[in-house]
Amino acid sequence: MLKRRPTKKPTVMDISEFRQKEFGPLMEIFDACSHLPASLYIESTAIKVPGANYNSAMISEAHFLSEDYLLNSKRNSLDLGIGISVMNYASFGIRGSLSMRHLKEQRLAATQKTVKLPPYKMVNAPLGIAIRARRSIREMSGKPMDLQTLSTILFYANGTTGDFILASETTDALPEHSLGADFVGKLRAAPSGGGLYPIYLYIVARNVKDLEDGLYIYLPLSHALHTVRTFDEQDKEAFANLAQWGVNINSAKVNLAIFFVYSLFENSRKYGDQGATFAIIEAGEMSQNMHLCCTALNLASCDIGGYEKSLSEQFLGVDGLSKHVIHLVIIGMK
Ligand SMILES: Cc1cc2nc3c(=O)[nH]c(=O)nc-3n(C[C@H](O)[C@H](O)[C@H](O)COP(=O)(O)O)c2cc1C
């Protein structure tokens, strides 16, 4: 026979004691219960609820992807394979991969579809003032932008600012194998892990003087734009559909939507699972350069986390497998 539990006498307490002793645990119970309504078998239920409603809740076995990523990030040099992978990459591999990329860009730049950018403006604003004055600005006037302004933003974000030289190599073991003359690589305005620069800037340009509305890729080595396509009515409509970035942003007034496209294998084959982390850091470094430059030029700029990844990739013609959109910055005239 079940024993009856003795009834507990209610405890009387004032509100401050209640807050101190009871409120925390009570909220935890409330929080756990508030994740229950869909199903206890949340990972297998037919009802789809947004991950944010249950991932990492007490009853869930699913983690946030960010949590899984951090839990699984490589923790020491052995995990990262420093000894046999990263160090060794620095000889033939790096020369091979970087020179291929130079050639690829030269080939693109030599086509009819290249728009040479005018020289960038010297931005002389004091750095301290620019940092203090920078704000995310979402209100734009829709006035036309000069091509030189676009040139200036791209140069300070990711333009080439220096050289590095990899000396030519011959080895005693393979004396007949020479890698030719010294390779002169280009360094850029924003840092990049291993100098690999795996992020490409895809620019939707609208209402920029002397530039047709369209989609372009920035070519830093030649300071030019590669034309992916100029816009027809269908493109304009498709862009308006994907550019629903929030009630406070009128995308029709945005002059530049700059998508940061990460080419996964260009740094992952050196850095393994750290590749994406490095790319996200690098996107931040470039976008801050952009924002400071925009502040100095009295332009409006804002980071956008609220873009639709697959829709944006489809619009840009990016596969979403080896290349991914990882960030978006919008810029416009004030
Ligand atoms: C990664 C990231 C994503 C953001 N996404 C958006 C966004 O989708 N929409 C928006 O209006 N602002 C967005 N912002 C801007 C922030 O709201 C803004 O930086 C924050 O309110 C601080 O204001 P401040 O930049 O003017 O200093 C984003 C900022 C960052 C860094």
Side-chain angles (χ1 to χ4, degrees), residues 48-52 64-66 69 101 104-105 107-109 111-115 138 140 142 145 150 153-154 157-158 197-208 211-220 224-268 275-280 282-284 286-287 290 301-332:
K48 188 155 164 45
V49 290
F64 288 116
L65 283 181
S66 311
Y69 178 76
R101 293 199 20 218
K104 198 170 129 196
E105 186 170 321
R107 223 181 29 238
L108 269 183
T111 65
Q112 299 288 319
K113 293 177 104 185
T114 299
V115 179
R138 299 159 186 86
M140 300 170 188
M145 177 182 278
L150 171 57
I153 295 167
L154 292 175
N158 198 28
Y197 307 107
I199 296 175
Y200 295 78
L201 299 178
Y202 281 54
I203 302 130
V204 171
R206 291 177 327 153
N207 206 6
V208 176
L211 188 70
E212 270 190 78
D213 285 9
L215 173 63
Y216 300 88
I217 301 173
Y218 179 49
L219 304 177
L225 296 174
H226 170 70
T227 312
V228 178
R229 63 179 188 276
T230 51
F231 285 173
D232 55 20
E233 284 312 310
Q234 222 178 339
D235 281 312
K236 285 179 191 165
E237 200 180 313
F239 181 71
N241 277 340
L242 77 86
Q244 317 266 335
W245 297 312
V247 281
N248 50 359
I249 296 167
N250 179 353
S251 64
K253 295 191 171 172
V254 168
N255 297 91
L256 308 172
I258 304 185
F259 292 87
F260 291 57
V261 174
Y262 166 43
S263 181
L264 175 67
F265 300 108
E266 285 186 25
N267 73 344
S268 292
T277 308
F278 286 9
I280 288 163
E282 291 169 30
M286 269 193 245
S287 48
M290 277 182 202
S301 70
C302 187
D303 286 310
I304 299 293
Y307 59 86
E308 229 278 17
K309 184 173 182 286
S310 329
L311 208 58
S312 307
E313 286 167 351
Q314 227 176 325
F315 185 77
L316 302 180
V318 159
D319 63 11
L321 297 168
S322 64
K323 291 202 165 105
H324 297 259
V325 172
I326 57 166
H327 191 42
L328 168 63
V329 171
I330 55 170
I331 299 175

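Below, each value reflects all heavy atoms present in this structure, side chains not excepted, and no hydrogens, waters or symmetry copies.
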_Which heavy atom of S268 sits nearest to which heavy atom of G275, and what is that distance?_
OG-CA, 3.9 Å
*Nearest-0.5 Å distance, OG of residue S301 to CE of residue M140*: 7.0 Å
_N267 and Y262: side chain donor to acceptor below 3.5 Å_ = yes
*Indicate yes or no for a side-chain donor-acceptor contact from N207 to the backbone of N255 under 3.5 Å, with no hydrogens or angles considered.*
no
_Test item: V254 and R206 side chains (from C-beta on) under 4.5 Å apart, heavy atoms_ = yes
*Is there a side-chain contact between K323 and L316, using heavy atoms and a 4.5 Å cut-off?*
no
*Residue pair L108 / I217, side-chain heavy-atom distance below 4.5 Å*: no
_Minimum-distance pair of heavy atoms, taken over all atoms of E282 and P198_ = OE1-CD, 3.2 Å
*asked:* If you define the side chain from C-beta out and look only at heavy atoms, does anything of E308 sit under 4.5 Å from L242?
replied: no
*asked:* Give me the atom names and distance for the closest heavy-atom approach of A283 to F260.
replied: O-CE2, 3.6 Å
*asked:* Working to the nearest 0.5 angstrom, can you tell me the gap between I304 CD1 and I330 CD1?
replied: 4.0 Å
*Answer yes or no: is there a donor N or O on one side and an acceptor on the other, between the side chain of N158 and the main chain of M286, under 3.5 Å?*
no
*Any side-chain heavy-atom pair from Q244 and L311 closer than 4.5 angstrom?*
no
*Contact check, side chains of L225 and L154, non-hydrogen atoms, under 4.5 Å*: yes
*Going through the checks in order, is the side chain to side chain contact (heavy atoms under 4.5 Å, CB included) test met by I199 and I326?*
CA-CA 9 Å; I199 296 175; I326 57 166; 4.0 Å; yes
*Point-to-point distance, once rounded to the nearest 0.5 Å, from CG of L321 to CG of L264*: 9.5 Å
*Heavy atoms, side chains only, cut-off 4.5 Å: are V318 and F259 in contact?*
no
*Taking atom CD of E233 and atom CD of E237, what is their separation to the nearest 0.5 Å?*
8.5 Å
*asked:* Run Y202 and V325 through side chain to side chain contact (heavy atoms under 4.5 Å, CB included) and show every step you take.
replied: CA-CA 9 Å; Y202 281 54; V325 172; over 6 Å; no
*Mind checking whether H226 and Y200 have side chains closer than 4.5 Å, heavy atoms only?*
no
_Can you classify the ring geometry of F239 versus F315 as parallel (below 30°), tilted (30 to 60°) or perpendicular (above 60°)?_
tilted
*Is it true that a side-chain atom of T227 and a backbone atom of K113 form a donor plus acceptor pair closer than 3.5 Å?*
yes
*Output, in order, the C-alpha distance, side-chain angles, deciding distance and verdict of side chain to side chain contact (heavy atoms under 4.5 Å, CB included) for S287 and H327.*
CA-CA 9 Å; S287 48; H327 191 42; 3.8 Å; yes
*Got a second to check how far D213's CG is from L211's CG, nearest 0.5 Å?*
8.0 Å
_Over all atoms of both residues, closest heavy-atom pair of I331 and I258_ = CD1-CD1, 4.0 Å
*asked:* Rounded to the nearest 0.5 Å, what separates atom CE in M290 from atom CG in L256?
replied: 9.0 Å
*I would like to know whether Y216 and T114 meet side chain to side chain contact (heavy atoms under 4.5 Å, CB included); could you show each step before the answer?*
CA-CA 9 Å; Y216 300 88; T114 299; over 6 Å; no
